[in-house]
Student: 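Just dropping this structure here.
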Protein chains: 2
Amino acid sequence: MKELVTIKAIARQLGVSPSTVSRALQDHPRISLHTREAVHALARQLNYFPSTTARNLKSGKTGIIAVVLPEIRENFFSEIINGIEELAFDRGYTVALYQSHDKVEREERIFTGLASQRVDGILVSVAKETQRFGHIQAVIDRQIPVVLLDRIPPGIAAHRVGCDMERGAYEATKWLAGRGYKRIALLNGPIALVASEDRYRGYVKALLEENLPVENALIKRVDLTTPDVIDKMTQLIQSAIRPDAVLAFNDYVALDAMRACRAQHLRINVDIGFVSFANLPLTTYMDPPPLASVEQHPFRMGTTAVEILLATLVEDNESAEFQTIMLKPELVVSQAAMRVQEA
Amino acid sequence: MKELVTIKAIARQLGVSPSTVSRALQDHPRISLHTREAVHALARQLNYFPSTTARNLKSGKTGIIAVVLPEIRENFFSEIINGIEELAFDRGYTVALYQSHDKVEREERIFTGLASQRVDGILVSVAKETQRFGHIQAVIDRQIPVVLLDRIPPGIAAHRVGCDMERGAYEATKWLAGRGYKRIALLNGPIALVASEDRYRGYVKALLEENLPVENALIKRVDLTTPDVIDKMTQLIQSAIRPDAVLAFNDYVALDAMRACRAQHLRINVDIGFVSFANLPLTTYMDPPPLASVEQHPFRMGTTAVEILLATLVEDNESAEFQTIMLKPELVVSQAAMRVQEA
DNA sequence: CATATATGCGCAAACGGTTGCGCAAAAACC
DNA sequence: GGTTTTTGCGCAACCGTTTGCGCATATATG
């Protein structure tokens with residue numbers, strides 16, 4: 001077992017004190033050029049690296065940003081991390097990753113660990129359908145800055161970064177109406193999700209503006225499982241007012257709903273138009289893809305969250321002002337889908 | 001700014017020494033029950049959490065496992081992390097995440113950082129087409145255990161965890177031959193990738209066993225971009241010996257190749273059968289999916305790598321024995337695809 | 001009752017750095 | 001040449017926790 005190269009080791013070999021070595025390494029002006037060079041030379045020769053742990057202890061910081069997400073393998077979230085890692089790495093921060101698997105219990109265990117880990121900040125997209133937020137409040141009470149990402153529960157005093165999905169739903173619905181669709185269905189998510197409410201409001205607002213009736217028969221809630229989506233979509237098709245377009249909660253719902261349509265011998269985007277949310281790579285694999293998808297900018301959500309977090313870290317004290325940044329969603333129209341429709 | 005709750009603070013309030021508090025918290029038998037209870041009570045009341053940083057400094061460990069991957073948003077890799085996080089969290093380790101974006105330069109910068117960060121171990125899936133591995137050797141020289149994941153370069157003395165893709169290609173080809181396919185094409189990856197060689201060897205081995213000719217015209221290398229895949233697939237279709245089946249380098253290649261076939265009015269899995277590698281969720285979205293896909297078990301690769309790493313951490317000294325674990329791939333036959341074919 | 005053992009706790013060093021302060025010697029000033 | 005300033009470096013404390021050792025006092029042993 002080789003000895004670890006420390007400042008003390010360098011000091012001993014050079015016959016100077018550890019403090020001199022420390023200062024020399026920082027190019028402190030009060031250390032003679034001669035000594036500085038000698039220290040640097042020996043440090044390089046011995047392959048010295050400063051101990052981050054020791055520095056952390058001194059500074060009270062860890063340089064770690066914890067990221068707590070429901071599920072990494074979901075494209076939306078891995079894209080968020082992608083953005084987070086990008087910026088954090090540039091700024092010299094380490095990204096620690098945790099998955100809640102959408103379970104509050106696990107989320108709570110994670111946060112307890114984070115409290116003693118003393119990470120410099122936490123970016124969290126909370127487990128869905130949760131009403132308990134004590135664990136989040138606990139770390140906030142310990143002065144650890146928190147940024148809520150995408151899934152933003154009410155009643156927590158923290159920074160927030162999200163995407164304005166009411167607006168996204170509004171624009172998507174307006175776009176469909178503008179293209180002549182009259183009976184636009186909404187395949188919405190579970191009632192417990194704020195995201196569902198947002199989409200509902202945007203959808204209704206657009207319909208009213210376009211003087212289209214808001215038909216309850218055209219609005220379905222799904223639990224996001226394939227069988228339920230197929231079931232609800234089939235109901236829509238067979239109802240008295242068959243929709244000529246569907247606004248789907250997300251790309252996965254759109255995919256399943258399309259399958260249901262195909263099973264009923266409806267031609268996608270010809271007999272029935274589709275628009276969905278997220279704009280995941282998934283849509284480019286679909287054949288045909290939805291006519292359009294509302295881009296939520298997960299990558300930018302990640303970088304924005306890190307920016308806000310790092311900004312609060314350098315601030316003199318807590319300015320107690322919490323920022324809320326809502327990214328503007330973007331309706332991305334699929335060229336491929338439009339071509340199919342023209343044909 | 002509230003004072004941080006430390007062992008010293010508790011000691012002061014209780015009129016005992018810090019060492020007593022430390023031992024009381026560990027339920028050391030030489031501390032009286034009375035004192036122990038008092039310490040525990042006050043610690044709870046003050047909401048005391050031990051400083052991980054201080055402990056790290058003492059122990060010389062960090063409790064951090066660094067994971068260096070090319071691209072998190074690729075499903076295969078996010079599934080690997082999923083497995084890593086799962087086991088690491090259970091064992092009380094923190095997962096630090098880094099992306100190389102398949103760039104050696106960035107990988108090198110990451111490894112330099114890791115050396116001074118003094119992580120307890122590194123799991124790495126190296127950037128592709130790289131021949132420089134000095135940065136990896138450097139951390140190994142610093143006694144940081146390294147496990148090579150999936151992409152396993154030669155000449156590095158480290159643990160290895162992968163999936164035996166020669167065997168996967170062999171079994172996939174055998175399966176196709178067994179179903180009566182005679183002209184099986186191989187849409188392989190770039191020559192620089194070890195993964196391409198593996199598939200080639202397994203493919204050839206199976207053909208020979210099945211007494212099928214190895215036709216060079218049926219073997220194409222693609223650079224994994226959509227245009228190139230479409231180009232090469234079109235060449236295959238229009239060649240003298242048109243293949244009746246295609247073994248694709250991975251699911252994405254299969255997807256693009258299928259599009260090329262459809263453009264040439266070939267019915268997927270009817271006129272031309274498809275088998276690919278990875279078995280990503282992507283295949284379940286495809287319509288129709290490949291007949292079969294070789295599952296590479298990324299999740300298990302992640303957990304296995306962590307297991308090996310943690311095992312070396314508890315070992316008394318370096319046993320200098322490096323493990324190589326090759327998971328057995330599994331040919332997953334798609335029910336949906338088979339139904340389409342029967343019809 | 002004397003010796004041996006057990007009990008309960010504190011001292012101080014250590015982990016690897018950083019930094020305020022002070023002290024001596026050299027250089028600059030009048 | 002005396003005073004001030006600058007230069008170069010070391011001392012020691014500190015970050016929060018752990019732990020070997022030692023010192024009392026209390027209890028057990030013969």
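Sequence lines set the chain letters: A, B, ... in the order given, protein chains first and strands last, and positions in each chain run from 1.
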Student: For the pair Gln137(A) (side chain) and Phe133(A) (backbone), establish whether a donor and an acceptor sit closer than 3.5 Å, ignoring hydrogens and angles.
Tutor: no
Student: Checking all strands, does Arg55(B) fall into the base, sugar-phosphate, or nothing category for heavy-atom contacts under 4.0 angstrom?
Tutor: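 Sugar-phosphate contact only - Arg55(B) comes under 4.0 Å of backbone atoms but never of a base.
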Student: For Ser22(B), report the nucleic acid contact type (base, sugar-phosphate, nothing); a contact means any heavy atom under 4.0 Å.
Tutor: base
Student: Would you indicate, yes or no, if dG16(C) has its OP1 or OP2 atom less than 4.0 angstrom from a side-chain nitrogen or oxygen of Thr53(A)?
Tutor: no
Student: Between Asn56(B) and Thr53(A), does any side-chain donor sit less than 3.5 Å from a side-chain acceptor?
Tutor: no
Student: What's the NE2-P distance between His28(A) and dG17(C), to the nearest Å?
Tutor: 18 Å
Student: At less than 4.0 Å, is any side-chain N or O atom of Thr35(B) found next to OP1 or OP2 of dG8(C)? Yes or no.
Tutor: no
Student: Taking atom C1' of dT18(D) as reference, at what distance in whole Å does atom NZ of Lys61(B) sit?
Tutor: 16 Å
Student: Using a cut-off of strictly less than 4.0 Å, decide whether Ser17(A) has a side-chain nitrogen or oxygen near OP1 or OP2 of dC11(D).
Tutor: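 For dC11(D), OP1/OP2 do not have a side-chain N/O of Ser17(A) under 4.0 Å.
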Student: Quiz question: by atom type and distance under 3.5 Å, do the side chains of His101(B) and Glu86(A) form a donor-acceptor pair?
Tutor: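 Present: a donor and an acceptor within the cut-off.
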Student: Could you check whether Thr303(A) and Glu307(A), counting side-chain N and O atoms only, form a donor-acceptor pair closer than 3.5 Å?
Tutor: no
Student: When the distance from CZ of Arg23(A) to P of dC11(D) is rounded to whole Å, what number comes out?
Tutor: 12 Å
Student: Checking contacts here: which listed nucleotide (dG17(C), dG10(D), dT7(C)) is nearest the side-chain heavy atoms of Arg30(B)?
Tutor: dT7(C)
Student: Closest approach to the side chain of Ser19(A), judged atom by atom: which nucleotide of dC9(C), dA12(D), dT7(D) is it?
Tutor: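 Out of dC9(C), dA12(D), dT7(D), the nucleotide with an atom closest to Ser19(A)'s side chain is dA12(D).
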Student: Can you check whether Gln26(A) has a side-chain N or O nearer than 4.0 Å to OP1 or OP2 of dT19(C)?
Tutor: yes
Student: Say whether, by atom type as modelled, one donor and one acceptor occur between the side chain of Arg106(A) and the main chain of Gln99(A) under 3.5 angstrom.
Tutor: yes
Student: For Leu57(B) and Thr20(B), find the nucleotide of DNA chain C closest to each by heavy atoms; which residue's nucleotide sits nearer the 5' end?
Tutor: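 Its nearest nucleotide being more 5', the pick is Thr20(B).
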Student: Please report, rounded to the nearest Å, how far the P atom of dT17(D) is from the CZ atom of Arg12(B).
Tutor: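 Whole-Å distance recorded here is 12 Å.
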Student: Whole Å only: how far is the CG atom of Asp27(A) from the C1' atom of dT19(C)?
Tutor: 17 Å
Student: Both Lys58(B) and Leu25(A) contact DNA chain C. Which one's nearest nucleotide lies toward the 5' end?
Tutor: Lys58(B)
Student: Which one, dG17(C), dG10(C), dC9(D), comes nearest to the side chain of Ile31(A)?
Tutor: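 That would be dC9(D).
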Student: Take atom CD1 of Ile7(A) and atom P of dC14(D), then tell me their distance rounded to the nearest Å.
Tutor: 19 Å
Student: Side chain of Arg118(B): nearest nucleotide among dG10(D), dT17(D), dG17(C)?
Tutor: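 Among dG10(D), dT17(D), dG17(C), the one nearest the side chain of Arg118(B) is dG17(C).
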Student: Taking 4.0 Å as the cut-off, does a side-chain nitrogen or oxygen of Lys8(B) come that near to OP1 or OP2 on dC15(D)?
Tutor: yes
Student: Does either side chain, that of Thr94(A) or that of Gln117(B), offer a donor lying less than 3.5 Å from an acceptor on the other one?
Tutor: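 There is such a pair between these side chains.
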Student: Using heavy atoms to find the nearest nucleotide of DNA chain D for Tyr48(B) and Leu33(A) separately, return the residue whose nucleotide is more 5′.
Tutor: Leu33(A)
Student: What is the separation between atom CG on Asn56(A) and atom P on dG17(C), rounded to the nearest whole Å?
Tutor: 12 Å
